[in-house]
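Below you'll find the structure, written out as structure tokens, and then a few comments.
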Protein chains: 2
Amino acid sequence: MNKEVKKTIKKNVQTRRKLIDIRQDNLEQIIVAAENIFAERGYKGTTVEAIAEAVGLPKANVLYYFKTKEGLYKGVISRLLTIWMANMNQMTADMHPKEALRNYILIKMRQSRENPNASRIFAADILHGAHYLRAPLEGELKEQFNRTCDVFRSWIDKKWMNSVNPEHFMFMLWSTTQAYADHGLQISILMNKDKLDDDDFEQGIKFLTEMILKGCGVET
Amino acid sequence: MNKEVKKTIKKNVQTRRKLIDIRQDNLEQIIVAAENIFAERGYKGTTVEAIAEAVGLPKANVLYYFKTKEGLYKGVISRLLTIWMANMNQMTADMHPKEALRNYILIKMRQSRENPNASRIFAADILHGAHYLRAPLEGELKEQFNRTCDVFRSWIDKKWMNSVNPEHFMFMLWSTTQAYADHGLQISILMNKDKLDDDDFEQGIKFLTEMILKGCGVET
DNA sequence: GTCTATAAGCTGATAGAC
DNA sequence: GTCTATCAGCTTATAGAC
């Protein structure tokens, strides 16, 4: 193998690496921009043009990477769902509800603060017929839901908490914590703020923890 | 005045009455259909054509009555807001929280059951920037919110309830009850149902009332 | 008042030069 | 891989006959 050939190969490798990097970088940028705009304006309210503009690319380029708008949307949802499930706190029967519930509320509130897009996009999908979330809801999410309800039942059996309805208890945990993402704008307007700050979330966490633990009869 | 003239006048009156009736009837039908479709598909997802089809009129006819799609949407929102505010339970300082809260939860849950469209359309608007609800939120709704928080404070002063954060307490009352409208689909999927029935709402009311009263230290 | 036809504008997607 | 130009389809809104 002579020098010229080696050089050519090396150059090709470098070029390919660079292209791969560009590709990864563009994919990442597009999906992050898309997530934000879908969360703000909803699926129908979002244009591919707007996403392209946010990334500084022509829209044909965005469609080169993702082929269709719906494909991009599905990509965003599935990415969020993965993160969502990974961060999902697993409450178990052997944990004491005092610590388990306190921790669950903390994690969910942190999620509402740090990744409100996920909660908002999910909420919009549910509101408009669960077009994209029906499948996961009927599958993995339902299993997780049922497991957690069983944990509540076992806590009730052990007299660690009052005999409250497990399903509705779960709905309450979700709706109260996710409200700080989904209805964050409403809350901030009513509290005369531009947006919710760390203090608001701290107070929310403190309030919810006390109310919910006391409500289901767990000693604090 | 001869008989012919009298007859003509009478006929004109009848005709006018009939036209007014038709007009009222059409307006009513259009706004009801629009409410349902906007709630299902969101503003951008709704076409004037779909509304017209639901009423059995050509879409030019719908636009004859409401001029623009946005005008129709505003009409729907303002109509729902009026009903919403009228049904709003006024909690007052002289009422005991036990009865006042119980009744508030009952009314809000009834609203989620009987008029989920209002809650859903409001939720979608908040989710996407409160384009149409910002004004009422900054005005009448904020006043009502502040008045109710004051009522909570006076209850706390009287030791009728624990010293919980009034603002966050209000958010909890809203999010937990409205969840049965906004996330009704999610709840029904997780409970293996097509839709929530009377029993589910009864259980929800019972659950929420117990949890919330106990949570804020009101005797039941 | 009602309805058909159509204008005007936007948006997703593609063709084709570079 | 990238970008300009453009097509095809949909949607709001209006013009104009009845």
Side-chain angles (χ1 to χ4, degrees), chain A residues 8 11-31 33-38 40-77 124 128 131-132, chain B residues 11-31 33-77 124 128 131-132:
Chain A
T8 304
K11 193 177 172 210
N12 281 346
V13 167
Q14 283 181 336
T15 304
R16 169 168 291 176
R17 168 127 312 142
K18 197 174 167 192
L19 288 179
I20 289 176
D21 287 352
I22 288 176
R23 185 181 180 80
Q24 284 301 329
D25 201 50
N26 279 342
L27 280 172
E28 181 71 15
Q29 277 193 279
I30 290 169
I31 213 163
E35 181 191 304
N36 280 298
I37 300 180
F38 278 130
E40 262 175 47
R41 313 186 198 170
Y43 179 74
K44 289 274 186 175
T46 297
T47 62
V48 178
E49 172 70 38
I51 296 169
E53 205 176 320
V55 194
L57 290 173
K59 82 176 162 181
N61 206 322
V62 171
L63 287 166
Y64 162 73
Y65 282 110
F66 283 92
K67 203 67 191 165
T68 65
K69 176 186 175 183
E70 197 189 0
L72 176 50
Y73 187 66
K74 282 183 183 168
V76 167
I77 287 232
H128 300 138
H131 230 56
Y132 298 94
Chain B
K11 194 178 171 209
N12 281 346
V13 167
Q14 283 181 336
T15 304
R16 168 166 289 177
R17 167 128 312 144
K18 198 174 167 191
L19 289 178
I20 290 177
D21 286 354
I22 289 175
R23 184 181 180 79
Q24 284 302 330
D25 201 50
N26 279 342
L27 280 171
E28 180 73 15
Q29 276 194 280
I30 290 169
I31 213 163
E35 181 191 303
N36 280 299
I37 300 179
F38 278 130
E40 261 175 49
R41 313 186 197 170
Y43 179 74
K44 290 273 188 177
T46 297
T47 62
V48 177
E49 174 69 38
I51 296 169
E53 205 176 318
V55 194
L57 290 173
K59 79 177 161 180
N61 206 324
V62 171
L63 287 167
Y64 162 74
Y65 282 111
F66 282 92
K67 202 69 189 164
T68 66
K69 176 186 174 183
E70 197 188 359
L72 175 50
Y73 187 66
K74 283 184 183 169
V76 168
I77 287 231
H128 301 139
H131 225 57
Y132 297 95

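Order of the sequence lines fixes the chain letters, A, B, ..., with proteins taken first and strands second; residue numbering starts at 1 for each chain. Keep in mind that the numbers below use all heavy atoms, side chains included, and drop hydrogens, waters and symmetry copies.
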Choose from dA13(C), dC3(C), dC3(D) the nucleotide whose nearest atom is closest to any side-chain atom of Lys69(A).
-> dA13(C)

Here the distance between atom P of dC10(D) and atom CD of Glu53(B), to the nearest Å, is 14 Å

Could you state the OH-P distance from Tyr64(B) to dG1(C), rounded to the nearest angstrom?
-> 4 Å

Which of dT4(D), dA13(C), dT11(D) is nearest the side chain of Thr47(B)? It is dT11(D)

Compare the minimum distances between each of dC3(D), dT14(D), dT2(C) and the side chain of Lys67(B), then state the nucleotide with the smallest one.
-> dT14(D)

Angle class for the Tyr43(A)/Phe38(A) ring planes (parallel below 30°, perpendicular above 60°, tilted otherwise)?
-> parallel

Quick one: pull up CD1 in Ile51(B) and CG in Leu63(B) and give me the separation to the nearest 0.5 Å.
-> 9.0 Å

Could you give the CG-to-C1' distance, from Asn61(B) to dT2(C), as a whole number of Å?
-> 6 Å

Atom pair distance, as rounded to whole Å: CD in Glu49(A) and P in dC3(D) = 13 Å

Side-chain donor or acceptor of Lys59(A) paired with backbone N/O of Thr47(A) under 3.5 Å | no

What's the closest nucleotide to the Ala60(A) side chain, out of dC3(D), dT2(D), dT14(D)?
-> dC3(D)

Once you round it to whole Å, what is the distance between P of dT2(D) and CD of Gln29(A)?
-> 12 Å

Report which part of the nucleic acid Tyr65(A) touches: base, sugar-phosphate, or nothing (heavy-atom distance under 4.0 Å, all strands).
-> sugar-phosphate

Using atom CD1 of Ile51(B) as one end and atom P of dT11(D) as the other, report the distance to the nearest whole Å.
-> 12 Å

Side-chain heavy atoms of Gln29(A) within contact of Asp25(A), under 4.5 Å = yes

OP1 or OP2 of dG1(D) sitting under 4.0 Å from any side-chain N/O of Asn26(A)?
-> no

Expressed in angstrom and rounded to an integer, what is the separation of Arg23(A) atom CZ from dG1(D) atom P?
-> 4 Å

Distance in angstrom units between Leu63(A) CG and dT11(C) P, rounded | 13 Å

Would you say Lys69(B)'s side chain and Thr46(B)'s backbone share a donor-acceptor pair under 3.5 angstrom?
-> yes

